[in-house]
Undergrad: 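Next up is a structure, given as structure tokens.
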Amino acid sequence: MNASDDTSTRLIVLRHAKSAWPEGVSDHERPLAGRGRRDAPAAGRWLRQQRCVPDLVICSTSRRTRETWELVAGELQPEYAPPATRGDHAAPVAPVAPDVVFEPRIYAASASAVLQVLSGIPERCRTALVIGHQPAVQDLVLALAGEGDGEALERAGGKFPTSAVAVLTLPGGWARLEPGAAALTAFAVPRGPAPGDH
């Protein structure tokens with residue numbers, strides 16, 4: 001999946017990383033667990049390797065989704081530009097931080113409610129990332145994916161674990177964001193190293 005070869009609009013759907021259940025803490029304020037803090041950077045690395053870096057992020061306001069984004073963002077390093085015509089070395093591209101919106105309507109939302117939020121994405125946005133919760137993230141992906149990679153569709157339909165990421169292409173752009181209008185091009189469940197691994 002090479003961004004330079006794909007002129008379609010893309011939607012990345014990411015479920016937050018594994019969260020903890022501290023006693024006396026409200027659901028909205030639950031932090032990431034140790035495993036979540038290892039897996040979220042792996043999701044960021046996967047997105048970077050797939051050259052699937054967002055220019056807009058719409059994130060639930062919950063603590064676990066905000067912490068997931070912070071760790072994902074730390075792995076989205078700028079790509080290197082091609083060598084200049086009068087130079088021997090590639091120059092690093094200046095990082096361009098995506099616009100980030102912490103959206104309360106994503107927390108505890110249904111897939112249709114998330115879809116309503118996404119309908120407001122400006123057309124100039126080429127790649128958007130939404131970070132949310134189950135079951136809305138899985139329901140959203142399955143509703144939007146009218147076609148796509150058969151294995152990816154089967155896996156996304158079977159289980160959508162924490163840190164799972166789905167990439168959908170939208171040939172008609174954001175104005176045509178509706179059920180069945182997208183193609184699921186990738187589904188992955190990136191995992192960080194287990195404790196003690198090096």
Side-chain angles (χ1 to χ4, degrees), residues 1 3 6-17 19 26-30 32 36 40 43-44 47 50 52-73 76 97-149 152-153 155-189:
M1 181 181 7
D6 185 5
T7 57
S8 298
T9 301
R10 291 183 300 181
L11 175 65
I12 309 162
V13 180
L14 172 65
R15 184 181 175 191
H16 65 79
S19 56
S26 70
D27 180 76
H28 189 273
E29 295 306 313
R30 289 196 290 119
L32 291 183
L47 288 171
Q50 300 299 313
C52 205
V53 178
D55 44 48
L56 173 66
V57 178
I58 303 174
C59 182
S60 163
T61 53
S62 75
R63 180 174 173 183
R64 58 192 180 274
T65 48
R66 289 183 283 117
E67 290 183 352
T68 297
W69 166 241
E70 289 171 8
L71 293 168
V72 167
L76 298 179
D99 293 328
V100 182
V101 177
F102 294 103
E103 175 54 70
R105 291 177 293 168
I106 300 292
Y107 175 71
S110 65
S112 60
V114 175
L115 188 58
Q116 188 172 16
V117 172
L118 299 180
S119 69
I121 294 175
E123 286 300 321
R124 68 179 180 274
C125 173
R126 304 305 303 162
T127 301
L129 165 64
V130 61
I131 306 175
H133 309 264
Q134 270 290 65
V137 288
Q138 183 178 33
D139 292 345
L140 177 70
V141 168
L142 297 178
L144 290 174
E147 57 183 41
D149 179 275
L153 280 166
R155 291 178 62 216
K159 192 174 182 185
F160 209 108
T162 53
S163 299
V165 56
V167 181
L168 300 121
T169 58
L170 304 162
W174 303 113
R176 303 257 330 256
L177 184 65
E178 57 190 29
L184 180 64
T185 57
F187 179 78
V189 185

Undergrad: Against V130, only a single residue in V13, I12, V57 fulfils side chain to side chain contact (heavy atoms under 4.5 Å, CB included); can you say which?
TA: V13

Undergrad: Can you give me the closest heavy-atom contact between P122 and L56, atom names plus distance?
TA: CD-CD2, 4.4 Å

Undergrad: Supply the atom-to-atom distance L129 CG to R10 CZ, rounded to the nearest 0.5 angstrom.
TA: 11.5 Å

Undergrad: Which pairs with one or both residues in residues 168-180 pass salt bridge (Lys or Arg N to Asp or Glu O under 4.0 Å), sequence neighbours excluded?
TA: none

Undergrad: Can you give the donor-acceptor pairs under 3.5 Å from side chains of residues 99-107 to other protein atoms, not counting sequence neighbours?
TA:
residue: E103; atom: OE1; partner: R105; partner atom: NH2; Å: 3.3
residue: E103; atom: OE2; partner: R105; partner atom: N; Å: 3.0
residue: E103; atom: OE2; partner: R105; partner atom: NE; Å: 3.0
residue: Y107; atom: OH; partner: D27; partner atom: OD2; Å: 2.5
residue: Y107; atom: OH; partner: H28; partner atom: N; Å: 3.4

Undergrad: Mind checking the CD-OG1 spacing from E29 to T61? Nearest 0.5 Å is all I need.
TA: 8.5 Å

Undergrad: Between T68 and A17, what is the shortest heavy-atom contact and its length?
TA: OG1-N, 3.0 Å

Undergrad: Output all residues satisfying side chain to side chain contact (heavy atoms under 4.5 Å, CB included) with T162, sequence neighbours left out; order by chain, then residue number.
TA: R15, H16, K18, R35, R191

Undergrad: Using modelled atom types only, decide if a donor and an acceptor are shared between the side chain of T65 and the backbone of S60 within a distance under 3.5 Å.
TA: yes

Undergrad: Can I get a per-line list of side-chain donor-acceptor pairs under 3.5 Å for residues 135-146, giving both atom names and the distance, sequence neighbours left out?
TA:
residue: Q138; atom: OE1; partner: Q134; partner atom: NE2; Å: 3.1
residue: Q138; atom: NE2; partner: A156; partner atom: O; Å: 2.8
residue: Q138; atom: NE2; partner: G157; partner atom: O; Å: 3.3

Undergrad: Flag the pair T127 / V53 as yes when at least one side-chain heavy-atom distance between them is below 4.5 Å, and no otherwise.
TA: no

Undergrad: Please give me the minimum heavy-atom distance between G44 and L76, naming the atom from each residue.
TA: O-CD2, 3.5 Å

Undergrad: Enter the distance from L11:CG to I121:CD1 here, rounded to the nearest 0.5 Å.
TA: 6.5 Å

Undergrad: Yes or no on side chain to side chain contact (heavy atoms under 4.5 Å, CB included) for K159 and V189, after CA distance, side-chain angles and deciding distance?
TA: CA-CA 10 Å; K159 192 174 182 185; V189 185; over 6 Å; no

Undergrad: Sequence neighbours left out, what pairs pass ring pair (Phe, Tyr, Trp, His ring centres under 6.0 Å) with at least one residue falling in residues 159-180?
TA: F160-F187

Undergrad: Say you draw a straight line from CG of L168 to OG1 of T9; how long is it, rounded to the nearest 0.5 Å?
TA: 12.0 Å

Undergrad: Please check this pair: side chain of R63 against backbone of R30, looking for a donor-acceptor N/O pair closer than 3.5 Å.
TA: no

Undergrad: Can you list, pair by pair, the side-chain donor-acceptor contacts under 3.5 Å of residues 110-119, counting residues two or more places apart and other chains?
TA:
residue: S110; atom: OG; partner: S112; partner atom: OG; Å: 3.0
residue: S110; atom: OG; partner: A113; partner atom: N; Å: 3.1
residue: S119; atom: OG; partner: Q116; partner atom: O; Å: 2.5

